[in-house]
Trainee: 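This is the structure I have questions about; it appears just below.
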Amino acid sequence: MDQRILLCVTKLREEEQLIIQHLNEEGIQVEVNLDSMDLPLGAGAADSYGLALIRCLSQKNALSRSHLLDLAGYDTLNTNQAIAVCTNKIHQAIVFDNAGVPQPRFQIAFTPAKLSEGLQTFGDLCVIKPATSSWGRGIARITGKECLDGWLAARESVDPAHQSFPVLVQEYIEKGDYDIRVVIVGRTPIAAFRRVSAENWKTNTHLGAEIEPIAVNEEIAAICNQLVEVLGEGIYGADLFFDYTQLRYVVCEVNQNPEFAKSWKIHGVNVAKHIALYVKDTIEQKKGAQLALNTK
Ligand SMILES: Nc1ncnc2c1ncn2[C@@H]1O[C@H](COP(=O)(O)OP(=O)(O)O)[C@@H](O)[C@H]1O
Ligand SMILES: [Mg+2]
């Protein structure tokens with residue numbers, strides 16, 4: 001019998017179209033659910049779907065929709081818990097700290113005064129990040145007191161009550177002109193590439209960084225393994241730095257809905273197919289577990 005999954009999206013980008021195509025090839029039907037549509041949440045609705053794949057563009061929608069589906073008894077991919085951690089940089093910092101995942105030194109600043117303290121702690125050079133953001137938006141490199149005063153004054157004019165605090169403050173990592181994106185599907189790092197930018201210290205591809213494929217070495221694989229232990233199996237885009245001061249890899253952040261339309265054409269790994277096969281495996285495992293329960 002054909003399986004069916006629910007695919008939650010904001011719009012069908014090239015990524016989702018490819019995933020649907022590969023799922024169909026594996027005999028899995030896909031019901032597309034746009035952010036503007038009702039979710040099938042009635043009693044027993046979850047039983048009609050193998051799982052719900054969450055690929056909403058807005059992090060807020062990914063979080064709220066996976067939460068509702070989770071409450072209604074769906075298995076969601078990624079889990080609501082993983083999405084909750086990945087969509088908040090402050091949550092990530094705390095969870096990774098607890099689990100001993102290597103990451104830049106950080107502070108969580110609840111007040112402007114704490115920001116000045118953070119800047120001093122990190123040697124007059126730090127990065128300020130809002131808890132929820134992506135594509136490099138709102139990420140600021142602070143290069144001294146005057147720079148911080150400018151950041152605070154600009155912020156104060158639009159947010160006099162400091163409602164956008166707390167923010168994350170990280171040490172600035174001497175990472176060369178690149179960071180590393182690793183695509184994880186299930187438990188496996190399936191592809192890795194450098195995002196290189198000579199002009200911009202923010203190496204997001206959206207801001208123009210170039211893609212250079214690299215092999216997943218042992219250290220990168222070990223960090224990915226640690227991330228999967230902490231977040232659970234799933235589909236992730238992990239951003240790593242090679243810290244040239246400490247000569248080790250650290251985790252910048254983990255994304256829960258990695259884009260791959262542009263990058264896979266360069267590194268050649270068929271991410272959509274990996275995702276489709278992983279969805280199929282997950283559904284089959286669930287069916288197997290249910291069968292074992294019923295025959296007990
Ligand atoms: N602590 C840091 N040190 C050096 N560069 C950083 C640091 N944090 C972020 N960056 C740069 O800024 C980019 C965006 O930061 P990131 O935390 O990944 O936010 P976003 O969710 O917007 O991608 C990173 O890819 C990296 O190039
Ligand atoms: Mg990033």
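Atoms within a ligand are numbered from 1 in the order they appear, just like the ligands themselves. This one's a predicted model, so the numbers in the text were calculated from it and none came from an experiment.
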Trainee: Any salt bridge between Glu212 and Arg195, counting N to O under 4.0 Å?
Mentor: no

Trainee: Can Tyr278 and Glu233 be counted as having a side-chain donor-acceptor contact under 3.5 angstrom?
Mentor: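 Yes - a donor-acceptor pair under 3.5 Å links their side chains.
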
Trainee: Is it true that Glu31 and Arg4 make a salt bridge, defined as a side-chain N closer than 4.0 Å to a carboxylate O?
Mentor: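 Yes, charged N to carboxylate O under 4.0 Å.
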
Trainee: Please lay out, stage by stage, how Phe242 and Tyr249 fare under the test ring pair (Phe, Tyr, Trp, His ring centres under 6.0 Å).
Mentor: CA-CA 4 Å; Phe242 184 74; Tyr249 291 93; 5.0 Å; yes

Trainee: Return yes if a side-chain donor-acceptor contact under 3.5 Å exists between Arg155 and Ser164, otherwise no.
Mentor: yes

Trainee: Name the residues in contact with ligand 1, where contact means a heavy atom under 4.0 Å away: which are they?
Mentor: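 Residues near ligand 1: Lys89, Val127, Lys129, Ser133, Ser134, Trp135, Gly136, Arg137, Ile139, Gln170, Glu171, Tyr172, Ile173, Lys175, Asp179, Arg195, Trp201, Lys202, Thr203, Asn204, Asp239, Phe241, Cys252, Glu253.
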
Trainee: Taking only Lys NZ, Arg NE, NH1 and NH2, and the carboxylate oxygens of Asp or Glu, determine whether Glu253 and Lys89 approach each other closer than 4.0 Å.
Mentor: yes

Trainee: What are the protein N, O or S atoms, given as residue plus atom name, that sit under 2.8 Å from the Mg ion (ligand 2)?
Mentor: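 Listed by chain and number, the nearby protein N, O or S atoms are Asp239 OD2, Glu253 OE2.
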
Trainee: Looking at Lys280 and Glu25, is there a salt bridge between them, counting it only when a charged N and a carboxylate O are closer than 4.0 Å?
Mentor: no

Trainee: Within the 3.5 Å criterion, strictly below it, is a donor on Asn88 or Thr132 matched to an acceptor on the partner's side chain?
Mentor: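 Not at all, the side chains of Asn88 and Thr132 share no donor-acceptor pair under 3.5 Å.
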
Trainee: Output yes when Asp179 and Arg194 qualify as a salt bridge under the 4.0 Å nitrogen-oxygen rule, no when they do not.
Mentor: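 The answer is no: the pair does not qualify as a salt bridge.
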
